[in-house]
Amino acid sequence: MKDLHIHIERGEYEKAWIDKFVDRAVKMNIDEINLLEHTIRIREFHPCFAEAEKYSLYQKKWVSEKCKTAHTLDEYKRLIDLIKSSNYPVKINFGLEVCWFEQHEDYIRKIINDCDFDYVLGSVHWVDNWTFNQRKYQWMNKDVNKIYKRYYEMSNTLISSGIFDIIAHPDLIRCHNLFPDYDLTETYESLCENAKQNGVMLEMNTSKGLGVNPEFLAVAKNVGVSFSTGSDAHRPEDVGRGIKEVEKLIK
């Protein structure tokens with residue numbers, strides 16, 4: 001079993017911290033893990049957040065706070081070299097979860113191409129520079145249909161960019177249980193066909209359940225996409241969460 005979505009942001013770049021994730025993976029019978037950072041945690045990616053930072057006072061404070069503890073790519077690479085030079089009972093990969101900003105596609109591509117990551121995940125956390133998933137009240141006076149349509153447009157440009165191996169939590173837009181008044185079947189079909197054509201895996205993320213919603217999963221299986229599994233763990237004790245169960249759903 002694989003857990004390809006594990007964040008290490010709450011600890012230092014030290015072997016002892018990584019060991020905790022590995023120990024948990026072994027206990028959960030996970031054979032392969034992918035450790036990563038959000039791009040807000042990497043200084044070289046901070047220019048990508050410029051428009052989002054200006055969007056509102058809330059977002060300005062959020063970006064500013066996250067930037068205070070950010071690392072450089074070189075620091076991250078040194079940790080990767082340290083861990084990959086050691087022997088572990090599970091296969092350890094390293095990557096990034098990249099916040100997708102369409103206007104910075106070329107910039108993102110250049111950084112990723114200059115690195116040697118095992119798995120690069122792309123995520124739509126911001127719809128046209130607006131953070132939709134952090135606070136439900138931020139949806140007040142928003143056009144839900146318009147947001148959904150734009151979210152999936154951005155998801156498709158993410159997939160088509162050729163930058164990413166995995167599209168992470170592809171129905172995160174449902175996080176606050178706000179839904180459009182139109183049927184999403186064709187939207188799911190279009191995204192899955194795009195993912196299959198571009199060789200991008202669809203993530204079954206277990207942070208808030210067992211992957212994508214049943215309707216989305218049925219379409220994805222019918223189209224024949226490849227899946228990845230990830231706990232979205234931000235602490236060692238969450239590694240492997242729900243992976244066994246979600247593997248059964250995929251099969």
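Heads up: numbering here begins at 1 and tracks the sequence. Note that the structure is predicted; figures quoted are calculated from it, not measured.
- Below 30°, between 30° and 60°, or above 60°: for Phe21 and Trp17 the angle between ring planes is above 60°, a perpendicular geometry.
- The closest side-chain donor-acceptor pair between Glu37 and His71, if any, does not fall under 3.5 angstrom.
- Checked by atom type, the side-chain pair Asp3/Ser231 shows a donor-acceptor distance below 3.5 Å.
- Salt-bridge annotation for Glu247 and Lys244: absent, with no side-chain N of the basic residue lying under 4.0 Å from a carboxylate O of the acidic one.
- In this structure, a donor-acceptor pair under 3.5 Å is absent between the side chains of Asp74 and Thr72.
- Nearest heavy atom pair, residue Met201 against residue Phe227, reads SD-O, 3.7 Å.
- The backbone N or O of Ile147 sits nowhere less than 3.5 Å from a side-chain atom of Lys142 that would complete a donor-acceptor pair.
- Under a 4.0 Å N-O distance rule, the pair Asp114/Lys110 qualifies as a salt bridge.
- Side chain of Arg174 to backbone of Phe179: no donor-acceptor contact under 3.5 angstrom is found.
- Of the N and O atoms on the side chains of His104 and Glu51, at least one donor lies less than 3.5 Å from an acceptor on the other residue.
- Residues Met154 and Val127 approach most closely at SD-CA, 3.9 Å, considering heavy atoms.
- Around NZ of Lys84, the count of heavy atoms belonging to other residues, nucleotides or ligands within 6.0 Å exceeds 12.
- With Ser161 contributing its side chain and Leu158 its backbone, the two residues share a donor-acceptor pair below 3.5 Å.
- No side-chain donor from either of Gln59 and Asn129 sits under 3.5 Å from a side-chain acceptor of the other.
- Between Ala25 and Ile33, the shortest heavy-atom contact is CB-CG2, 3.9 Å.
- Defined by atom type and a distance below 3.5 Å, a donor-acceptor pair is missing between the side-chain atoms of His176 and Gln138.
- Inspection of the Asp232 and His7 side chains reveals an N or O donor paired with an N or O acceptor under 3.5 Å.
- For Asp128 and Tyr55, the side-chain atoms include no donor-acceptor pair closer than 3.5 Å.
- Minimum heavy-atom separation, Cys99 to Phe49: CB-CZ, 3.9 Å.
- Inspection of the Glu44 and Tyr76 side chains reveals no N or O donor paired with an N or O acceptor under 3.5 Å.
- With Asp165 contributing its side chain and Val120 its backbone, the two residues share a donor-acceptor pair below 3.5 Å.
- Using modelled atom types, no side-chain atom of Ser190 and backbone atom of Glu186 make a donor-acceptor pair closer than 3.5 Å.
- Relative to the ring axis of Tyr182, Lys149 places its NZ or CZ within 45° and under 6.0 Å from the centre.
- Under 4.0 Å is where a charged nitrogen must lie from a carboxylate oxygen, and between Arg109 and Asp106 at least one such pair does.
- A donor-acceptor pair under 3.5 Å links the side-chain atoms of Ser160 to the main chain of Asn156, judged by distance alone.
- Salt-bridge check for Glu102 with Arg150: passed, with a basic side-chain N closer than 4.0 Å to an acidic carboxylate O.
- By the 6.0 Å contact criterion, CG on Asp81 is enclosed, its count of non-hydrogen atoms from other residues, nucleotides or ligands being greater than 12.
- The environment of Lys20 atom NZ is sparse: at most 12 non-hydrogen atoms of other residues, nucleotides or ligands sit within 6.0 angstrom.
- Side-chain polar atoms of Ser123 and Glu97 form a donor-acceptor pair below 3.5 angstrom.
- Remark: the backbone N or O of Asp171 is not paired with any side-chain donor or acceptor of Tyr152 at under 3.5 angstrom.
- In summary, of the residues considered (Leu36, Thr39, Ile42), a side chain to side chain contact (heavy atoms under 4.5 Å, CB included) with Val98 occurs for Thr39 alone.
- Side chain of Asp238 to backbone of His234: no donor-acceptor contact under 3.5 angstrom is found.
- Across all non-hydrogen atoms, the minimal contact from Asn93 to Asp118 is CA-OD2, 3.3 Å.
- Residue Cys48 comes nearest to Phe101 through the heavy atom pair O-CD1, 3.4 Å, listed as atom of the first residue, atom of the second, then distance.
- For the residue pair Tyr188 and Asn213, a side-chain donor N or O sits within less than 3.5 Å of a side-chain acceptor on the partner.
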